[in-house]
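The analysis underlying the following values was restricted to heavy atoms, covering all of them including side chains, and did not include hydrogens, waters or symmetry mates. All figures in this text were calculated on a predicted structure; none of them were measured in a lab.
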Amino acid sequence: MTANVAEEKTPAVPVWNDRAVSVSERVDALVGAMTLREKIAQLYGVWVGASDEGGDVAPHQHDMEEAVDLDVLLPAGLGQLTRPFGTAPVDPALGALSLMRSQARIAAENRFGIPALAHEECLAGFAAWGATAYPVPLSWGATFDPHLVRRMAATIGRDMRAVGVHQGLAPVLDVVRDARWGRVEETIGEDPYLVGTIGTAYVQGLESAGIVATLKHFVGYSASRAGRNLAPSSVGPRERADVLLPPFEMAVREGGARSVMHAYTDLDGIPATADEDLLTGLLRDTWGFDGTVVADYFGIAFLTTLHAIAGDWADAAGAALRAGVDVELPTVKTFGTPLEEAVTDGRVPETLIDRALRRVLTQKTALGLLDADWTPLPPALTGADLDTPDTLRGSIDLDGPANRALARTLAEEAVVLLSNDGILPLTAPRRIALLGPNADEPTAVLGCYSFPQHIGVHHPYSPLGIELPTLRDTLTAEFPDTRFTTAPGTGIDDGDTSGIPEAVRAARDADIAVVVLGDRAGLFGRGTSGEGCDAESLALPGAQQQLLDALLDTGTPLVTVLLAGRPYALGRAADESAAVVQAFFPGEEGTHAIAGILAGRLNPSGRLPVSVPRIPGAQPTTYLSPRLAHVNNVSSIDPTPAFPFGHGLTYTTFHWTDLAVDHHEAPTDGAFTIALTIRNTGRRPGTETVQLYLHDPVASVVQPVQRLIGYTRLTLDPGQAQRLHVTVPADLASFTGRDGQRITEPGTLELRLASSSTQPHLTAGVTLTGPQRHVDHTRHLHAEFVVGQEPVARA
């Protein structure tokens with residue numbers, strides 16, 4: 001080549017691949033270049049399973065799907081890959097290689113080189129084989145510790161991102177309204193403020209790792225009639241606005257969530273999937289959400305098959321798009337050929353396709369999927385020998401020591417000591433009878449969205465992938481010199497009573513009996529807790545109550561331990577057990593936490609995120625209810641719980657004193673500041689959870705007797721005291737008024753500082769003055785808790 005020959009020019013980077021161009025310009029250019037089929041292809045996912053040999057993913061078949069031919073679909077592109085790791089057991093490294101190769105193929109086969117966005121479940125950890133199984137969300141609520149939940153979510157997010165996943169389908173922000181509902185284990189609790197703060201912390205952690213958090217189920221799913229899955233919800237506008245919506249509002253505003261999943265349910269005849277006022281008017285126009293709305297699995301098709309508001313798949317697709325749904329999951333059905341034909345014949349305007357497409361492409365751009373230098377290589381495979389897949393097997397550890405330590409810490413904070421006559425902690429008993437169906441069951445600590453219970457049950461010959469010590473394992477390690485006798489007594493739900501006499505004999509021959517009861521997590525009737533596993537009443541499943549009563553009759557001191565996904569009425573045991581310990585599916589390290597608490601190595605600090613009923617049929621049991629829902633002389637049913645929301649004992653004692661209020665009056669746009677001193681008056685370090693409840697004696701619409709408006713954990717050494725200052729904005733007294741607007745109105749209030757919803761220690765009477773004031777989504781959401789700079793001197 002001679003010097004005067006012009007150098008070859010580098011081909012220009014397309015606008016949509018150029019990071020120097022604004023996101024909106026990149027997206028507009030790409031939308032303008034696409035055909036209708038290419039546009040629609042970005043709006044659906046395909047359910048796939050990664051190859052355990054490292055090859056391409058394969059479409060997963062489900063009884064609600066038609067077969068999918070990737071060779072036909074991929075030339076137009078693909079919006080999402082559904083659960084490549086969460087469909088079958090696959091080694092994480094080979095799954096990452098399979099996903100990488102599939103992403104390379106997807107990008108190569110469409111004109112614009114756009115890869116798919118890969119999503120997974122992460123309700124109690126990354127739902128992949130071999131990944132850490134953390135406690136379920138109901139246990140997150142029991143910690144009252146957003147900081148710890150944020151750490152857990154960031155760790156989950158980093159594991160997902162390392163193997164090529166982009167989006168996580170969590171957290172669940174449904175507020176428990178009826179504990180018979182099977183998905184109670186997936187929720188954070190029965191109080192919207194607790195759900196909102198813990199859920200927002202989870203969102204912040206997941207998003208900090210680069211994973212798109214998905215808020216679900218928007219909205220009303222948990223308020224179904226009689227606690228039945230997918231049943232209609234009878235919810236008034238105030239319950240919707242003041243109970244069900246606030247957690248989502250907080251997670252959008254403070255969490256930075258980039259995706260929302262619509263609920264399956266309908267509210268007053270309007271399915272959430274087709275509710276434009278909800279998905280566009282409230283979520284986007286009022287709250288300012290600018291991410292994607294994704295369909296709950298098969299939810300768009302349900303507009304035809306279950307809700308019957310759409311005559312065919314095209315009508316269902318059009319209704320969902322108009323409402324504001326952007327992506328069909330888990331696989332292509334209504335958003336495929338039916339939608340393309342509906343646009344072509346004018347039934348659905350192409351502008352709706354473009355609106356959803358811009359949101360999807362904006363998100364893909366933010367994730368780097370449209371960048372010119374995008375690579376399908378996930379961080380965990382950097383530097384690996386990708387040409388010899390067998391050498392990769394076992395090279396990625398999704399359940400390392402740091403993960404397990406974090407899972408154990410969360411479990412330790414989540415276990416709730418409900419009652420204790422002084423028997424706990426146990427002092428090296430010579431003989432323990434360890435009884436009940438969950439005493440020696442490894443999976444008793446797992447929820448229905450853990451990989452072993454969700455997917456592993458379909459692969460019985462595949463190893464669990466994680467270590468799951470039983471309570472028998474951890475208790476025998478905790479008490480090496482104690483002789484243990486075990487007997488299940490009965491199954492979880494088989495009703496078999498033939499083993500009860502053996503359990504009774506074991507209890508009579510022991511110094512202490514520990515009975516471990518509760519649930520088996522599963523899906524759609526395969527368990528006693530989980531999606532589609534709704535309960536007729538809150539009686540213990542099967543013959544467990546009969547076992548419990550028989551053991552109480554022995555006279556041997558009985559410690560009752562619950563490994564469950566919902567609260568259950570315990571009958572006599574609520575009062576007659578020597579101690580009751582509640583753990584809501586505490587994850588792979590949960591039995592270590594329980595054993596440590598029984599032995600006294602740990603001081604319990606968990607608090608109930610849901611009330612525990614006294615009788616099985618008193619529904620609903622939530623504390624968050626008005627006067628007429630509490631015990632009264634006009635109903636023969638007493639719904640008073642055996643153990644209330646927020647309750648939990650420790651092995652130390654605390655004294656609350658010296659309440660001070662800066663001013664007893666404040667305007668409706670002002671704030672109150674109160675202070676108190678809390679001292680550990682026991683002999684060992686402990687954590688008190690300070691809960692702040694608001695009671696509004698007279699309001700213009702019926703209000704709950706009280707509601708949680710703030711909380712904090714305070715850990716104190718023996719004899720140590722701290723001065724706690726709490727600033728309470730008047731906005732926290734707001735509620736939805738008669739005209740449907742949120743208001744703060746003048747009047748007298750009580751600020752109750754309590755260790756549970758029924759145990760107030762100090763009460764400040766305050767008054768809001770001035771005019772009634774309208775507030776909106778920009779209002780103050782939190783009370784501020786500050787520990788005094790100078791702690792009160794030790795006693």
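The main-chain N or O of D696 is never found under 3.5 Å from a side-chain atom of E750 such that the two would form a donor-acceptor pair. Remark: the backbone N or O of D473 is paired with a side-chain donor or acceptor of T470 at under 3.5 angstrom. The backbone N or O of V690 sits nowhere less than 3.5 Å from a side-chain atom of T712 that would complete a donor-acceptor pair. At distances below 3.5 Å, not a single donor-acceptor pair connects side-chain atoms of T200 with backbone N or O atoms of T197. Using a distance-only test at 3.5 Å, with no hydrogens or angles considered, a donor-acceptor pair links the side chain of Y264 to the main chain of Y297. R684 places a side-chain N or O within 3.5 Å of a backbone atom of G600 that can act as its donor or acceptor partner. Counting only distance, with no hydrogens or angles, the side chain of T591 and the backbone of T474 share no donor-acceptor pair below 3.5 Å. Between the side chain of S139 and the main chain of P135, no donor-acceptor pair closer than 3.5 Å is present. For the pair T132 (side chain) and Y134 (backbone), a donor-acceptor distance under 3.5 Å is absent. Within the 3.5 Å criterion, the main-chain N or O of S755 finds a donor-acceptor partner in the side chain of Q691.
Taking CZ of R607 as the reference point, atom OG1 of T689 lies at 4.0 Å (rounded to 0.5 Å). Rounding to the nearest 0.5 angstrom, the gap separating the SG atom in C533 from the CH2 atom in W181 is 12.5 Å. To the nearest 0.5 Å, the span separating NE2 on H695 from CG on L751 amounts to 11.0 Å. Atom CH2 of W656 sits about 12.5 Å away from atom OG1 of T681, to the nearest 0.5 Å. One finds the CG atom of L692 at 11.0 Å from the CZ atom of R752 (value rounded to the nearest 0.5 Å). To the nearest 0.5 angstrom, F524 atom CZ is 3.5 Å from E531 atom CD.
The ring-ring contact (aromatic ring centres under 6.0 Å, His included) search around H217 returns Y221, not counting sequence neighbours. Listed by chain and number, the residues in a side-chain contact (heavy atoms from CB on, under 4.5 Å) with P641 are S611, P644 (sequence neighbours excluded). Under the rule for a side chain to side chain donor-acceptor pair (under 3.5 Å), the partners of S233 that lie at least two apart in sequence or sit in another chain are T265. The side-chain contact (heavy atoms from CB on, under 4.5 Å) check on D145 picks up T143, H147, L148, E413, R713, with sequence neighbours excluded. Every residue meeting the ring-ring contact (aromatic ring centres under 6.0 Å, His included) condition with H454, not counting sequence neighbours, appears here in chain and number order: Y449.
Pairs passing the salt bridge (Lys or Arg N to Asp or Glu O under 4.0 Å) check and including a residue from residues 434-454, sequence neighbours excluded, read D440-R472. Among residue pairs with one or both ends in residues 552-567, those qualifying as salt bridge (Lys or Arg N to Asp or Glu O under 4.0 Å) are D553-R572; sequence neighbours excluded. Within the structure, ring-ring contact (aromatic ring centres under 6.0 Å, His included) contacts touching residues 626-645 (residues at least two apart or in different chains) are Y623-F645, F643-H647. Screening residues 482-496 for salt bridge (Lys or Arg N to Asp or Glu O under 4.0 Å) gives D493-R520 as the qualifying pairs, with residues at least two apart or on separate chains. Judged as a salt bridge (Lys or Arg N to Asp or Glu O under 4.0 Å), the pairs with a partner in residues 227-248 (not counting sequence neighbours) are, in order, R177-E239, D242-R742.
When every heavy atom of A503 is checked against every heavy atom of L435, the shortest pair comes out as O-CD1, 3.7 Å. Shown here for L173 and P247, the closest heavy-atom pair between the two residues is CD1-O, 3.6 Å. For the residue pair P146 and A201, the shortest heavy atom distance occurs at O-CB, 3.3 Å. The two atoms that bring R614 and T640 nearest to each other are CB-O, 3.6 Å, heavy atoms only. The two atoms that bring G436 and L547 nearest to each other are CA-CD2, 4.0 Å, heavy atoms only. Heavy atoms only, all atoms of each residue included: L244 and S222 are closest at CD2-OG, 4.3 Å.
Counting heavy atoms from C-beta outward, Y568 and D519 have side chains that approach closer than 4.5 Å. Counting heavy atoms from C-beta on, the side chains of N229 and S224 never come closer than 4.5 Å. In this structure, V184 and L138 have side chains that are in contact, with non-hydrogen atoms separated by less than 4.5 Å. Side-chain contact check for L446 versus F451: every heavy-atom pair is 4.5 Å or farther apart.
A salt bridge links K216 with E121: the closest approach of a Lys/Arg side-chain nitrogen to an acidic carboxylate oxygen falls below 4.0 angstrom. Salt bridge status for E186 with R183: present, with a side-chain N to carboxylate O gap under 4.0 Å.
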Query raised in the report: Under the salt bridge (charged side-chain N to carboxylate O under 4.0 Å, His left out) criterion, do E467 and R408 qualify, and how do the steps go?
Result: CA-CA 13 Å; E467 294 181 15; R408 184 178 295 198; over 6 Å; no

Requested in this report: Just do the side-chain contact (heavy atoms from CB on, under 4.5 Å) check on Q453 and T443 with the steps written out, would you?
Outcome: CA-CA 8 Å; Q453 296 301 90; T443 60; 3.5 Å; yes

Query - Working for side-chain contact (heavy atoms from CB on, under 4.5 Å), residues M261 and F218 - result: CA-CA 6 Å; M261 176 180 281; F218 194 61; over 6 Å; no

Report task. Report the C-alpha separation of V172 and I188 in whole Å, then their side-chain angles, then the decisive distance to 0.1 Å, and conclude whether the side-chain contact (heavy atoms from CB on, under 4.5 Å) test is met. Result -> CA-CA 8 Å; V172 169; I188 294 167; over 6 Å; no

Requested in this report: With side chain to side chain donor-acceptor pair (under 3.5 Å) as the test, would you mind laying out the steps for T560 and S577 before giving the verdict?
Outcome: CA-CA 7 Å; T560 301; S577 286; 2.8 Å; yes

Report task. Check the pair L418 / L608 against side-chain contact (heavy atoms from CB on, under 4.5 Å), numbers first and verdict last. Result -> CA-CA 9 Å; L418 297 183; L608 281 176; 3.7 Å; yes

Requested in this report: Check the pair Q546 / T497 against side chain to side chain donor-acceptor pair (under 3.5 Å), numbers first and verdict last.
Outcome: CA-CA 8 Å; Q546 291 167 262; T497 60; 5.3 Å; no

Please tabulate, one pair per line, all N/O donor-acceptor pairs under 3.5 Å involving side-chain atoms of residues 536-543, not counting sequence neighbours.
from	atom 1	to	atom 2	distance (Å)
S537	OG	A539	N	3.2

Side chains of residues 422-433: which donor-acceptor pairs under 3.5 Å do they make with residues two or more places apart or in other chains?
from	atom 1	to	atom 2	distance (Å)
R431	NE	D509	O	3.4
R431	NH1	D509	O	2.8
R431	NH2	D511	OD1	3.1

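Between Y711 and F144, the ring planes are perpendicular. Angles over 60° get that label, and only those under 30° would be called parallel.
For L306, the CG atom sits in a packed shell: over 12 heavy atoms of surrounding residues, nucleotides or ligands are nearer than 6.0 Å.
Residue T715 forms a side chain to side chain donor-acceptor pair (under 3.5 Å) with just one option from N603, N680, T687, and that option is T687.
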